[in-house]
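Written out below as structure tokens is the structure these notes cover.
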Amino acid sequence: MKAIVTRFAPSPTGTLHIGGVRTALFNYVYAKQNNGKFLIRIEDTDTERSTKEYEKNILDNLTSIGLKPDEDPINQSERNEIYLKAAEKIFQSGNAYWCDCSQEELEEMRKAQIAAGKKPMYDGRSRNLGLEKSDKTVLRLATPEDGEIIVNDLIRGEIKFNNNELDDLILLRSDGSPTYHLCNVVDDYEQKVTTVIRGEDHISNTPRQIHIQNALGYPELEYAHLPLVLGTDKKRLSKRNAATSLEEYRDRGYLDSAILNALARLGWSQGENDVFYMNDLIKEFNIKDVQKAGAIFDITKLDWLNSQHLANLSIESFKEQLQPFLQQLDIDIENHENSNKLIEAMRTSDNTLSGIAKSLIPYYKDIKEYDEKAIKKFINDKNILTEIRDLLDKIDIWNQEVIDSVLKEYQLKNELSVPEVNQPIRIALTGSTKSPGLGLTLSIFTKNKAIERINKLLDKLS
RNA sequence: GUCCCGUUCGUCUAGAGGCCUAGGACACCGGGUUUUCAUCCCGGCAACAGGGGUUCGACUCCCCUACGGGAUGCCA
């Protein structure tokens with residue numbers, strides 16, 4: 001069995017797209033589970049739209065999320081001679097010809113075809129003219145006029161195309177530069193790619209590319225066309241309907257492993273198990289089981305997966321992941337009497353790291369704003385707070401159990417309801433009524449700090 | 001228009017002719033645990049696009065229709 005080689009071939013015309021990550025992921029996993037190689041090729045033949053910044057963004061992000069190629073990426077823009085040589089070979093074999101139709105002429109032709117109810121396609125009018133190369137000619141592939149081409153797709157099975165549906169595509173532009181189809185086919189061959197895993201939008205390109213392969217005498221490839229990632233409007237995921245850039249998701253506090261999990265789960269499932277990691281994927285993934293229909297990318301599922309991945313982290317790696325988000329809020333994670341206890345208590349407060357970081361603010365910084373509605377609702381009698389403060393102040397061993405029992409005793413002795421005792425303290429300490437268990441919350445702070453916060457609220461109320 | 005691909009709960013999916021009274025997960029709703037919030041636990045709601053075949057039997061196979069998507073570039 002020959003070694004599998006897959007590739008991800010992005011155009012650097014934007015930052016790394018979440019859909020691109022999924023394509024790259026499936027390529028990566030398929031290669032790895034077959035002990036093969038995963039390659040990256042930068043398709044930057046569109047010099048107008050391609051930039052080095054985008055290229056760097058794509059490469060950096062792929063690597064950092066764990067989809068590292070097994071060889072250095074190649075750039076199509078640096079491989080012109082190779083494509084030109086291939087084009088020459090096709091021309092020499094009689095499978096291509098020069099065509100001098102102007103863009104206007106082609107435009108008119110298409111309009112006429114549409115008007116006549118026909119499929120707009122190049123009609124091959126220059127095919128037998130025997131034109132010579134000039135600065136006005138493009139090189140076109142002479143596609144077989146009849147017969148059919150069968151694309152064997154790992155996911156969809158056989159897909160048939162009639163050759164008469166395919167027109168003579170352009171191999172070389174009039175400025176001499178090679179087009180996407182040519183470069184793509186030549187590079188797959190040169191990079192010894194065996195398996196092309198790409199988006200469903202490329203299905204109709206496939207028979208055309210096979211014709212180029214045939215003209216060049218290249219071996220057949222394996223194909224797998226992935227269903228598209230859709231936005232909630234069922235249209236393909238784009239900036240119009242969702243965040244599309246991988247970086248945006250990372251910035252919002254989603255773990256790489258959760259993003260990958262969510263993306264893999266979109267179109268593929270592993271029994272009844274929803275939470276999995278790269279290792280599981282490499283072990284269990286089967287490209288033949290990939291769904292055929294496009295799938296909507298649902299952020300709530302990502303939220304949940306993220307919470308699961310977050311929960312599976314050790315306290316050390318959780319802190320490590322959280323660090324940058326706290327830094328953004330100008331918080332030093334260790335700048336707290338009891339940071340481990342605090343983080344452990346608060347790590348389930350939100351589904352994302354940025355959300356968790358936000359909910360930690362009251363523990364690191366002075367309370368700027370109190371929840372006024374809560375104050376109204378729970379603090380009718382300031383004396384309760386004063387008395388509790390004094391009781392707390394007398395505690396010698398400042399820990400969760402002692403604090404809890406002191407509060408309980410006070411509550412029972414004064415025949416108060418639990419919220420009457422607890423909520424005011426909570427508001428004093430965090431500004432809101434949301435916090436971990438009271439004894440725990442109090443013990444996270446030093447006694448002095450806790451008293452100080454209660455006093456501050458009392459001041460405000462007086 | 002033409003060609004291609006597709007269509008199971010709101011969403012992601014299981015389902016390879018009888019195992020389906022269509023299963024799971026997320027979301028949602030209700031209950032419990034937690035003195036609050038979150039976590040966690042339990043329960044509930046909810047789908048085979050429609051119509052014809054084939055078959056003793058169809059979510060599963062075939063055909064048609066509808067709907068959705070993709071392609072139809074000297075973009076990739």
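The sequence lines fix the lettering, A, B, ..., with proteins before strands; numbering per chain opens at 1.
The same atom, P, is picked in B:rC61 and in B:rU7; the two are 10 Å apart, to the nearest Å. Rounded to whole Å, the separation between the P atoms of B:rG70 and B:rC62 comes to 26 Å. Taking the P atoms as reference points, B:rG15 lies 14 Å from B:rU8, given to the whole Å. Taking the C1' atoms as reference points, B:rG31 lies 40 Å from B:rG68, given to the whole Å. Nucleotides B:rU11 and B:rC19 have their C1' atoms positioned 27 Å apart, rounded to a whole Å. When the C1' atom is used for both B:rC41 and B:rU33, the distance is 8 Å, rounded to whole Å. Distance check on atom C1': B:rG17 versus B:rG53 gives 15 Å, rounded to whole Å. Taking the C1' atom of each, B:rA66 and B:rG23 are spaced 29 Å apart, rounded to whole Å.
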Table of protein N/O atoms under 3.5 Å from nucleotides 38-42 of chain B N/O atoms:
{"residue": "B:rA38", "atom": "O2'", "partner": "A:T348", "partner atom": "O", "Å": "2.1"}
{"residue": "B:rA38", "atom": "N3", "partner": "A:T348", "partner atom": "OG1", "Å": "3.3"}

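Look at CG on A:L440: it is 13 Å from C1' on B:rC37, rounded to the nearest Å. When the C1' atom of B:rC12 is taken as reference, atom CG of A:D274 falls 8 Å away, rounded to whole Å. As a whole-Å value, the separation of A:L260 CG from B:rC12 P is 20 Å. A straight line from CD1 of A:I159 to P of B:rG69 spans 19 Å, rounded to a whole angstrom. Rounded to an integer number of Å, the gap from CG of A:D303 to C1' of B:rU11 is 13 Å. One atom, CZ of A:R198, and another, C1' of B:rG70, lie 13 Å apart when rounded to the nearest Å. The nearest whole Å value for the distance from the CG atom in A:N273 to the C1' atom in B:rU13 is 13 Å. Nucleotide B:rC28 holds its C1' atom 12 Å from the CG atom of A:D298, rounded to whole Å.
A donor-acceptor contact under 3.5 Å is not formed by the side chain of A:T300 with the base of B:rC26. Within 3.5 Å, a donor on the side chain of A:K301 pairs with an acceptor on the base of B:rA25, or the reverse.
Here the side chain of A:Q76 is nearest to one of B:rG69, B:rA76, B:rC12, namely B:rA76. Side-chain proximity of A:E165 to the nucleotides B:rA76, B:rU36, B:rU2 is greatest for B:rU2. When each of B:rC74, B:rA76, B:rG70 is scored by its nearest atom to the side-chain atoms of A:S11, the top-ranked nucleotide is B:rA76. When the nucleotides B:rG24, B:rU36, B:rA76 are ranked by their closest atom to the side chain of A:T433, B:rU36 comes out on top. Between B:rA76, B:rU13, B:rC4, one nucleotide has an atom nearer to the side chain of A:H181 than all others, and that is B:rA76. Nearest nucleotide to the side chain of A:K119, out of B:rA76, B:rG70, B:rU72: B:rU72. Comparing B:rU13, B:rC74, B:rU2 by their nearest atom to the side chain of A:L106 picks out B:rC74. Nearest nucleotide to the A:K292 side chain, out of B:rC3, B:rU36, B:rG6: B:rG6. Among the nucleotides B:rG68, B:rA71, B:rA76, the one closest to any side-chain atom of A:Y180 is B:rA76.
Considering only side-chain N and O atoms, A:R22 lies nowhere under 4.0 angstrom from the phosphate OP1 or OP2 of B:rC12. For the OP1/OP2 pair of B:rA14 and a distance below 4.0 Å, the side-chain nitrogens and oxygens of A:S269 include at least one atom meeting the criterion. Taking only side-chain nitrogens and oxygens, A:R110 comes nearer than 4.0 Å to OP1 or OP2 of B:rC74. Using a 4.0 Å cut-off, some side-chain N or O of A:Q291 falls inside it from OP1 or OP2 of B:rA14. OP1 or OP2 of B:rC3 has not a single side-chain nitrogen or oxygen of A:S204 nearer than 4.0 Å.
Between A:W268 and A:F285, the angle of the ring planes lies from 30° to 60°, which puts this pair in the tilted group.
Both cation-pi conditions hold for A:R140 and A:Y122: the charged atom is under 6.0 angstrom from the six-membered ring centre and inside a 45 degree cone around its axis.
Counting only N and O atoms by type, the side chains of A:N351 and A:N306 include no donor and acceptor under 3.5 Å apart. Side-chain atoms of A:E43 and A:Y180 include no donor-acceptor pair closer than 3.5 Å. Checked by atom type, the side-chain pair A:K341/A:S443 shows a donor-acceptor distance below 3.5 Å. Between the side chains of A:H181 and A:Q209, at least one donor N or O lies within less than 3.5 Å of an accepting N or O. Counting only N and O atoms by type, the side chains of A:D187 and A:Q76 include a donor and acceptor under 3.5 Å apart.
Contact check on A:D298 versus A:K301 returns no salt bridge, with no Lys/Arg side-chain nitrogen under 4.0 Å from an Asp/Glu carboxylate oxygen. Classification of A:K358 and A:D350 as a salt-bridged pair fails, no side-chain N sitting under 4.0 Å from a carboxylate O. Between A:K52 and A:E55, at least one side-chain N (NZ, or NE/NH1/NH2) sits under 4.0 Å from a carboxylate O, which counts as a salt bridge.
Heavy atoms of A:G267 sit under 4.0 angstrom from primed sugar atoms or phosphate atoms, though from no base atom. Using a 4.0 Å heavy-atom distance criterion, A:F297 is classed as making no nucleic acid contact. Using a 4.0 Å heavy-atom cutoff across all strands shown, A:P207 reaches no nucleic acid atom at all. Across all strands, A:K408 comes closer than 4.0 Å to no nucleic acid atom at all (heavy-atom distances).
The pairing partner recorded for B:rA66 is B:rU7, the criterion being a Watson-Crick or G-U wobble arrangement whose two distances lie under 3.5 angstrom. Searching all strands for a Watson-Crick or G-U wobble partner of B:rC20 with both distances below 3.5 Å returns nothing. If you check B:rU36 for Watson-Crick or wobble pairing at under 3.5 angstrom, you find it has no partner at all. In a base pair of the Watson-Crick type (N1 to N3 plus N6-O4 or O6-N4) or a G-U wobble (N1-O2 and O6-N3), with each distance short of 3.5 Å, B:rU60 is matched with no nucleotide. Within the shown strands, nothing qualifies as a pairing partner of B:rG73 under the Watson-Crick or G-U definition with both distances less than 3.5 Å. In this entry B:rC28 has B:rG44 as its Watson-Crick or G-U wobble partner, both defining distances falling under 3.5 Å.
Each of A:I379, A:I367, A:D371, A:L385 was evaluated against A:I427; a single residue qualifies, A:I379, per the side-chain contact (heavy atoms from CB on, under 4.5 Å) test.
Heavy-atom distances under 4.0 Å link RNA chain B to A:L228, A:K234 of residues 224-234 of chain A, given in residue order.
For the pair A:T45/A:T179, no side-chain contact is recorded, criterion being any heavy-atom separation below 4.5 Å from C-beta on. Side chains of A:I375 and A:L457 form a contact here, defined as non-hydrogen atoms less than 4.5 Å apart.
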Task: From CA spacing to verdict: ring pair (Phe, Tyr, Trp, His ring centres under 6.0 Å), A:F38, A:F26 - done: CA-CA 10 Å; A:F38 166 67; A:F26 284 1; over 10 Å; no

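Looking at which nucleotide of RNA chain B each of A:K118 and A:V418 is closest to, the 5′-most match is held by A:K118. Nearest-nucleotide assignment on RNA chain B puts the 5′-proximal partner with A:E272, out of A:D201 and A:E272.
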